Structures are given as structure tokens and as C-alpha cells.
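Computed from a prediction, not measured in an experiment: that's the story for all the values here. Every chain is numbered from 1 and lettered A, B, ... according to where its sequence line falls, protein lines coming before strand lines.
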Protein chains: 2
Amino acid sequence: MKGISIKDIAKQAGVSPTTVSFVLNGKAKEKRISEQVSKKILKLASKLKYKPNQLARGLRTGKTKTIGLIVEDIANHFFANVAKIVEEEADKYGYKVLYGSTEDNITKARGLLDVLEYRQVDGYIITPTPGMDKEIEALKHARKPMVLLDRYLPQIPTNYVMVNNFQGAYDAADYLVKCGYKNIALVTIPSEQIQMKERLDGFTAAMKAHQAPFPRKMTKKIPFAATKDEALSEIKSFILGNPDLEAIFFSTNYLGIYGMEAFKELGLTIGKDIAFISFDDHDLFRLYSPGITCVAQPIHDIARHVIQVLMNELDNNHNEINQVILPATLVKRESCSRVKSQKA
Amino acid sequence: MKGISIKDIAKQAGVSPTTVSFVLNGKAKEKRISEQVSKKILKLASKLKYKPNQLARGLRTGKTKTIGLIVEDIANHFFANVAKIVEEEADKYGYKVLYGSTEDNITKARGLLDVLEYRQVDGYIITPTPGMDKEIEALKHARKPMVLLDRYLPQIPTNYVMVNNFQGAYDAADYLVKCGYKNIALVTIPSEQIQMKERLDGFTAAMKAHQAPFPRKMTKKIPFAATKDEALSEIKSFILGNPDLEAIFFSTNYLGIYGMEAFKELGLTIGKDIAFISFDDHDLFRLYSPGITCVAQPIHDIARHVIQVLMNELDNNHNEINQVILPATLVKRESCSRVKSQKA
DNA sequence: TCAGAGCGCTAAATCGATTAAGCAGACTAT
DNA sequence: ATAGTCTGCTTAATCGATTTAGCGCTCTGA
């Protein structure tokens with residue numbers, strides 16, 4: 001059950017393995033192999049269905065044509081979609097993808113990095129967890145091709161591709177204020193991670209620009225590590241504790257989903273009792289009645305840029321840094337459709 | 001920037017590479033290497049942060065410790081979740097996962113298989129597309145470890161892990177009839193694929209068992225290749241063409257989502273105008289108001305069994321065939337909650 | 001005293017490709 | 001005639017691990 005090797009072809013063609021290798025690597029001209037021999041080899045290769053052993057090749061060349069994709073959670077809508085495009089795009093360049101989820105846990109992330117190193121991946125796409133600075137620094141120092149995804153580490157200049165979190169959150173707050181809502185709250189995670197900070201900053205900046213009050217107590221932070229039940233009850237008691245609440249912005253996809261669940265359990269109607277807006281789009285938001293207004297990320301563009309930047313690193317060694325920030329889109333649906341004139 | 005190799009350790013320890021290899025592979029005892037030497041080598045290995053080159057190892061042993069995961073669509077909720085568990089479980093056995101989506105397209109599937117063969121994956125997890133029989137047969141003939149996922153090919157006895165489609169659909173129909181609905185329709189894809197056939201069969205069987213009428217015109221088939229817009233308009237015109245319709249069963253996750261969209265566009269209320277039930281659970285179904293009743297697949301169990309069966313193949317060579325069919329769960333929510341007594 | 005076993009380790013082949021170096025033979029130029 | 005060049009290919013080293021066969025030594029028992 002052995003595969004066909006370059007030696008088998010060589011033997012049958014009556015030439016040396018070297019010649020076969022040259023021909024199959026398209027170096028026939030360069031290495032001055034005759035047409036005759038070239039053709040014979042090519043014919044034999046396709047007749048025998050020769051498939052180069054990537055292990056042997058990789059061992060020799062030091063390239064595996066494999067990239068490592070580290071995401072927060074491959075089962076999450078955003079990352080699953082990114083993973084899909086990444087795989088498709090990588091394939092066009094002859095690369096395959098190994099993946100893994102960190103759950104935003106640095107220990108898991110370290111484990112993944114280790115394994116990917118064992119596997120000699122050629123490049124890394126990484127959604128960094130909190131506290132991952134040292135590891136990223138190490139990769140950078142080792143000059144490994146790498147792109148950060150969805151977030152970046154402000155202390156370390158690296159390639160990254162992400163959405164414009166500030167602008168996305170700004171637009172959301174801007175929209176809520178323009179719709180005439182007062183007493184607007186934000187639900188987020190107490191993370192030092194830059195993407196969360198930027199969402200908070202963008203939101204705050206918009207409120208300030210409108211001179212709309214946004215006291216600290218209107219920001220609710222739910223620990224990432226909270227269980228679903230804990231998160232739900234935190235959200236519910238936050239809502240109950242703020243009876244004047246007119247609108248809530250949830251700073252992530254999954255918090256938004258928890259928010260909907262909380263509303264459901266409290267018997268509140270989205271858009272009617274309290275306006276509702278979330279970061280990140282989702283089937284759920286699109287199809288819910290009322291449709292949930294959200295700040296959508298350009299998932300395809302993100303994935304495509306990630307691969308482009310990585311391939312650029314992989315090809316060239318000139319180390320310009322690519323930092324791509326793509327615009328977020330405010331998708332207006334019915335969950336916060338009140339307009340100023342309707343205000344009492 | 002070269003990594004540390006076994007030779008480096010050997011040199012520093014003053015022994016041969018062979019000895020190092022024995023020790024690091026836990027064969028110290030078996031190969032009668034002294035405690036002293038063993039310890040020295042182990043200490044050096046961890047001091048130098050030795051990481052075995054998997055390529056070299058793979059080349060020699062013929063094992064890559066990599067498995068190929070071929071799904072229909074990694075961005076789909078079901079497959080994304082399977083992919084997550086598969087990765088976690090595989091990791092426990094020291095395996096990494098390469099993935100790819102077929103879009104249910106045989107050409108794409110062939111491409112994926114080719115690439116995975118190049119990459120010398122040790123085993124395959126495959127969601128077969130229609131017409132993939134020859135390829136699966138070939139893998140089987142080559143005695144490659146393999147498990148089919150989500151569906152199987154009736155003509156070819158292989159390992160597989162899937163949900164009990166017949167029972168799931170049967171329960172759904174049974175439930176609808178017991179709730180008192182008449183004029184029940186089924187929306188599916190016109191696929192010869194076994195999982196779809198079994199869902200249709202299960203549904204039909206339940207209707208028959210209740211002596212409930214289920215004429216052919218109550219089955220609507222939407223081509224898998226249809227665009228979203230096409231699918232939507234097909235579903236809408238089907239609904240409009242059947243004004244007596246009381247309940248619809250959608251045989252897949254994504255058809256259910258299209259169905260919800262169609263309802264929304266037609267201004268129909270799920271559960272009130274027409275009862276609604278879908279195969280496969282989804283955040284959307286859980287959180288929608290009303291909650292969407294569905295036939296849930298035991299995703300975790302499926303993924304875990306897949307890995308177990310594959311690892312079993314990978315370990316042993318005794319070729320018993322493992323065919324695992326896991327029960328589906330009817331998750332009752334409000335989208336078809338009418339009970340018999342309420343019927344006019 | 002000497003064959004045979006046990007001990008602790010090593011030499012060298014091997015996996016399948018890539019690639020630097022180089023070797024004959026034909027031809028060219030002086 | 002002789003050095004130099006070009007042609008068309010081959011030899012052999014190499015990547016980093018695994019693994020078979022076996023080496024040199026000591027010890028034991030008859």
C-alpha cells in the first residue's frame with residue numbers, strides 16, 4: 001500500500017531521481033532537461049498517479065504549507081465564518097489550515113501554539129487571549145509569519161486585521177441618541193482587551209459628542225468566565241435595577257444573545273419596552289421579530305485580508321507591518337426604531 | 001533559528017542520537033538505558049525545550065498524527081460545533097485536525113480528499129456528498145481509517161456516526177398530529193442522500209401510523225443548490241398555494257431558518273398562523289418568540305463517538321465496523337403548542 | 001576455561017523529497 | 001591541438017527522527 005515515490009518514476013523512466021524532481025518541479029528548462037525526458041517523466045507521473053510526499057518535502061525544505069488558525073471559539077458564528085473563508089482562501093495558495101479554540105484561556109492558547117510549533121506550521125493566524133503578549137512577542141522575535149485577528153496587543157506592533165470597533169460602537173451610540181433615547185446602557189465584559197476597550201471608548205465618545213449623560217452606573221460588565229446562568233441573572237438584575245432604561249447596547253454577539261434571553265425571561269419586549277442593539281450580526285438578529293439592530297463586522301473582508309497579509313509575509317521577507325482596520329456597518333432593524341418625533 | 005534536534009541533545013549528553021530517541025520515546029526501560037543516562041537526557045531535553053520534528057517523525061513512521069475533517073459547511077451551526085468537539089477530543093489523543101467544506105459539491109470533496117492524501121492524514125472524518133461512493137470505496141479499499149459523519153452510503157458498509165433521522169422525524173410528525181394539526185407539510189431537499197430520505201420516511205411513517213393524510217403535494221422539495229432568494233420564494237409560494245396549511249416541518253436547520261424568513265416576509269406568525277417545527281436546534285430556535293420546536297441532534301455525543309470510532313480504527317487493525325446511531329430529541333417549544341382540545 | 005547470556009549502548013539504514021556540486025561528451029574558438 | 005563552454009544528466013549530502021542489527025563488555029555456570 002505504499003505510495004508512488006520519485007524513485008519509482010525514476011526507475012521506470014531510466015533516469016535519476018534528481019531528474020524526476022527537476023521536471024516535476026517545473027525546473028526542466030532551467031536545469032536543461034530534454035523535452036523527451038521531460039515528457040516521459042510527466043507521462044509516467046500522471047500514469048502512476050504520483051503524489052509528492054509532503055512530509056519528505058517539508059522536512060527538506062522546511063516548509064509545510066500549513067497555517068495555524070487560533071480562534072476564540074470555532075463554534076461561534078463569527079469565527080466559524082472566518083474559518084470557512086480562511087480555509088478557502090488558503091487553499092488557493094496551496095495551504096492547509098490547522099485550527100483550535102482558546103476559549104479565551106491563555107493556557108489553552110499556549111497549548112495550541114506548542115502543538116502548532118511541533119507541526120512546523122509556516123504561519124499563524126491568532127486571536128490573542130488576554131495576557132498572551134509574551135507568546136506573541138516570542139513568535140515575532142522568531143520572525144514567524146503571523147497575523148492577529150479580531151484584536152491586537154497595543155504594546156506589540158504586529159500585523160493585524162480587525163473591524164473598526166471604535167467606529168462601530170460610536171455609530172451605535174450615535175444612532176441611539178439620534179433616535180431620541182435617554183438613559184442608554186452598555187453591557188460588556190470587564191476585559192482589558194483592546195477590542196472591548198475600543199468599543200467602550202467609541203460608545204462613550206459618541207455620548208459625549210451629543211452631550212448625552214452616560215454615568216458609570218450605566219455600564220454593566222459581565223465577566224467572560226461567568227456561566228450562562230450567572231450572566232443571565234446579572235443582566236436581569238441590571239435591567240430591573242434601572243427602571244428608566246430606554247436602550248441597551250450589548251458589546252458582543254453572545255452578550256446580545258444573553259440579553260435577548262434575559263428580556264424573554266423578564267417578559268420584556270425588545271424595541272417596545274427597551275431598545276436593543278448588539279455588536280456583531282447573527283441569524284438570530286436578522287430573523288427575530290422585531291429584527292435586532294446591530295453593528296455588523298465585514299466577515300468576508302476580514303478573512304480575505306487575513307490571508308492576504310499572511311501570504312504577503314510568507315512570500316516576502318521585507319517586514320513592513322500590515323494593520324488593517326475595516327469599517328463596521330450599522331444594520332438598522334426594528335429593535336430601536338423609535339424616532340425623535342415619537343418621543344413623548 | 002533552527003530548532004533543537006535529537007542530535008544536539010545527543011552531543012551535549014555525550015551519547016548517541018539513538019539513545020536519546022529511546023529515552024524520549026519512553027523506551028528507556030525496554031531498551032535497558034541506565035537511569036543516569038535517562039535522567040540526563042530528559043533534563044537536557046526540557047532545558048533545551050526540545051520539540052520533536054513531526055515531519056521527520058512522520059516521514060519515518062508513516063504517521064502524521066493528523067486527521068482530515070470533511071464537512072458540508074464549517075460555518076454551519078451543526079458542523080461548527082462538531083468541529084469544535086472533534087478538535088478537542090482529537091487533541092487528547094495527540095491528533096490535529098485539517099478541515100474543509102464541501103458545500104455538498106463532489107468536485108470540492110474530491111479536491112479535499114486529494115489534498116488530505118497528499119498530506120498523509122492518518123484518518124478521515126467525512127460528511128459524504130451525493131455521488132461520493134467511488135471515493136469512499138477507494139478509501140475503504142486502501143484500508144484507510146475512516147468514519148462517516150451525519151450520513152452514510154447504504155451501498156457501502158463503513159463506520160459511521162449519525163443521529164437517528166427516522167426516529168427524529170417520526171417524533172416530529174407524531175407530535176404534530178397529537179397536537180391536533182391537520183394539513184401538515186414537509187419542506188426538504190430533493191436529495192437521494194440517506195439522511196434526507198430517512199427523515200422523509202420517518203415523517204411519512206408517523207403520519208401513516210396515525211392514519212393522517214399526507215398527500216404528495218404536501219412535500220415541498222427545495223434544491224440544495226438554490227440561492228437563498230430562490231429558496232425563499234419557493235417556500236413562500238408553497239405556503240400561499242396551500243391556504244389550509246396548519247403545520248410545517250422543515251427537514252434541515254437552514255431550511256428552517258429560510259422558513260422563518262419566509263414567514264416574516266409573508267407577515268405570518270409562527271405558531272399562531274401555522275405551526276412550525278424544524279430538524280436541528282439553533283440559538284435562533286431557542287430564543288425566538290415563540291420558541292421554535294425542533295428535533296435536536298446530540299452534537300457532543302456525535303463528535304465524541306466519531307473520534308472514538310476513528311481512534312479505535314487507528315489503534316487496532318481488527319476491522320470490525322462501528323455504526324453508531326444516536327437518538328434525536330424532540331425539543332418542545334411554543335411554535336406548535338396547540339393541544340387537541342384547543343382545536344375548533 | 002570457555003560458551004552463552006545479559007547489559008548498556010551505538011552504527012548505520014531508512015523514510016521521500018530537494019539541491020549543491022560535478023561529470024562525461026560534444027562543440028567552439030583560438 | 002587544447003582549453004573552455006555548453007548540454008544533459010547524476011552523485012551524494014541533507015532534513016530529523018526511528019529502528020534493526022549488533023558491538024564490546026561483564027558475569028555465570030558447567
Side-chain angles (χ1 to χ4, degrees), chain A residues 1-42 44-45 48-66 94 117-122, chain B residues 1-42 44-45 48-66 94 117-122:
Chain A
M1 280 307 127
K2 281 283 168 60
I4 302 298
S5 87
I6 219 170
K7 270 188 203 163
D8 301 315
I9 297 183
K11 214 166 281 173
Q12 292 202 36
V15 299
S16 78
T18 306
T19 308
V20 177
S21 174
F22 286 155
V23 170
L24 295 180
N25 284 302
K27 298 192 182 163
K29 286 253 166 55
E30 182 190 336
K31 298 292 180 177
R32 297 174 310 231
I33 309 297
S34 67
E35 279 276 309
Q36 270 186 40
V37 173
S38 270
K39 271 190 187 158
K40 193 198 283 181
I41 289 172
L42 256 13
L44 267 172
L48 299 177
K49 296 194 181 161
Y50 168 71
K51 304 201 171 159
N53 183 319
Q54 299 285 341
L55 290 179
R57 175 179 284 175
L59 180 58
R60 185 64 235 259
T61 62
K63 303 272 151 228
T64 54
K65 287 275 186 178
T66 304
E117 190 184 344
Y118 279 24
R119 303 266 168 172
Q120 334 277 134
V121 297
D122 295 339
Chain B
M1 282 307 127
K2 281 282 169 62
I4 303 297
S5 87
I6 219 171
K7 271 188 202 162
D8 301 319
I9 298 183
K11 214 166 282 172
Q12 293 202 34
V15 298
S16 79
T18 308
T19 308
V20 177
S21 173
F22 286 155
V23 170
L24 296 180
N25 284 303
K27 299 192 180 163
K29 286 252 165 56
E30 181 190 337
K31 298 292 181 177
R32 299 173 311 229
I33 308 298
S34 67
E35 280 277 309
Q36 270 185 43
V37 173
S38 271
K39 271 193 187 154
K40 193 199 285 184
I41 288 173
L42 257 10
L44 267 173
L48 298 178
K49 297 194 180 161
Y50 168 72
K51 306 202 171 159
N53 183 320
Q54 299 286 341
L55 290 179
R57 175 179 284 174
L59 180 59
R60 185 65 236 259
T61 61
K63 303 273 151 229
T64 54
K65 287 276 186 177
T66 304
E117 190 185 344
Y118 277 26
R119 303 265 168 173
Q120 337 275 133
V121 297
D122 295 339

Has the side chain of A:R57 got a donor or acceptor atom sitting under 3.5 Å from an opposite partner on the base of C:dT18? no
Any donor-acceptor pair, under 3.5 Å, between the side chain of B:T18 and the base of C:dA12, if you only look at N and O atoms? yes
Atom [atom1] of [X] and atom [atom2] of [N]: how far apart are they, to the nearest Å?
{"X": "A:I6", "N": "D:dT10", "atom1": "CD1", "atom2": "P", "value": "12 Å"}
{"X": "B:Q54", "N": "D:dA17", "atom1": "CD", "atom2": "P", "value": "10 Å"}
{"X": "A:K51", "N": "C:dA17", "atom1": "NZ", "atom2": "C1'", "value": "17 Å"}
{"X": "B:I33", "N": "C:dG6", "atom1": "CD1", "atom2": "C1'", "value": "14 Å"}
{"X": "B:Q36", "N": "C:dG8", "atom1": "CD", "atom2": "P", "value": "11 Å"}
{"X": "A:K31", "N": "D:dT7", "atom1": "NZ", "atom2": "C1'", "value": "14 Å"}
{"X": "B:Q120", "N": "C:dG16", "atom1": "CD", "atom2": "P", "value": "9 Å"}
{"X": "A:K63", "N": "C:dT19", "atom1": "NZ", "atom2": "P", "value": "12 Å"}

Quick one: which of [options] gets closest to the side chain of [X]?
{"X": "B:R32", "options": "C:dC7, D:dT19, C:dA11", "answer": "C:dC7"}
{"X": "A:F22", "options": "D:dT10, D:dT7, D:dA17", "answer": "D:dT10"}
{"X": "B:N53", "options": "D:dG16, D:dT18, D:dC9", "answer": "D:dG16"}
{"X": "B:T19", "options": "C:dC9, C:dT18, C:dG16", "answer": "C:dC9"}
{"X": "B:L59", "options": "C:dC9, D:dA17, D:dG16", "answer": "D:dG16"}
{"X": "B:S16", "options": "D:dT18, D:dT11, C:dA11", "answer": "C:dA11"}

Any side-chain heavy atom of [X] sitting closer than 4.5 Å to one from [Y]?
{"X": "B:K31", "Y": "B:T18", "result": "no"}
{"X": "A:K40", "Y": "A:V15", "result": "no"}
{"X": "B:L24", "Y": "B:Y50", "result": "yes"}

Looking at [X], I'd like to know whether one of its side-chain N or O atoms comes within less than 4.0 Å of OP1 or OP2 on [N].
{"X": "A:T61", "N": "D:dC15", "value": "no"}
{"X": "A:Y118", "N": "D:dA17", "value": "no"}
{"X": "B:Y50", "N": "D:dA17", "value": "yes"}

Do any N or O atoms from the side chain of A:N53 and from the backbone of A:L55 form a donor-acceptor pair under 3.5 angstrom? yes
Polar side-chain atom of A:T61 near backbone of A:R57 as donor-acceptor pair, under 3.5 Å: yes
Which part of the nucleic acid, if any, lies within contact of A:S21, taking any heavy atom under 4.0 Å across all strands shown: a base, the sugar-phosphate backbone alone, or nothing? base
Counting any heavy atom closer than 4.0 Å, what does B:K27 reach on the DNA or RNA strands: base, sugar-phosphate only, or nothing?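 It contacts sugar-phosphate atoms only.
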Would you tell me whether B:T19 and B:S16 have side-chain atoms, one donor and one acceptor, within less than 3.5 Å of each other?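 Yes, B:S16 and B:T19 have a side-chain donor paired with an acceptor closer than 3.5 Å.
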5′-ward residue of the pair B:A56/B:V15 relative to DNA chain C: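 Its nearest nucleotide being more 5', the pick is B:V15.
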Please figure out whether B:R60 or A:P17 has its closest DNA chain C nucleotide nearer the 5' end.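 Taking each residue's closest nucleotide, the earlier one in sequence belongs to B:R60.
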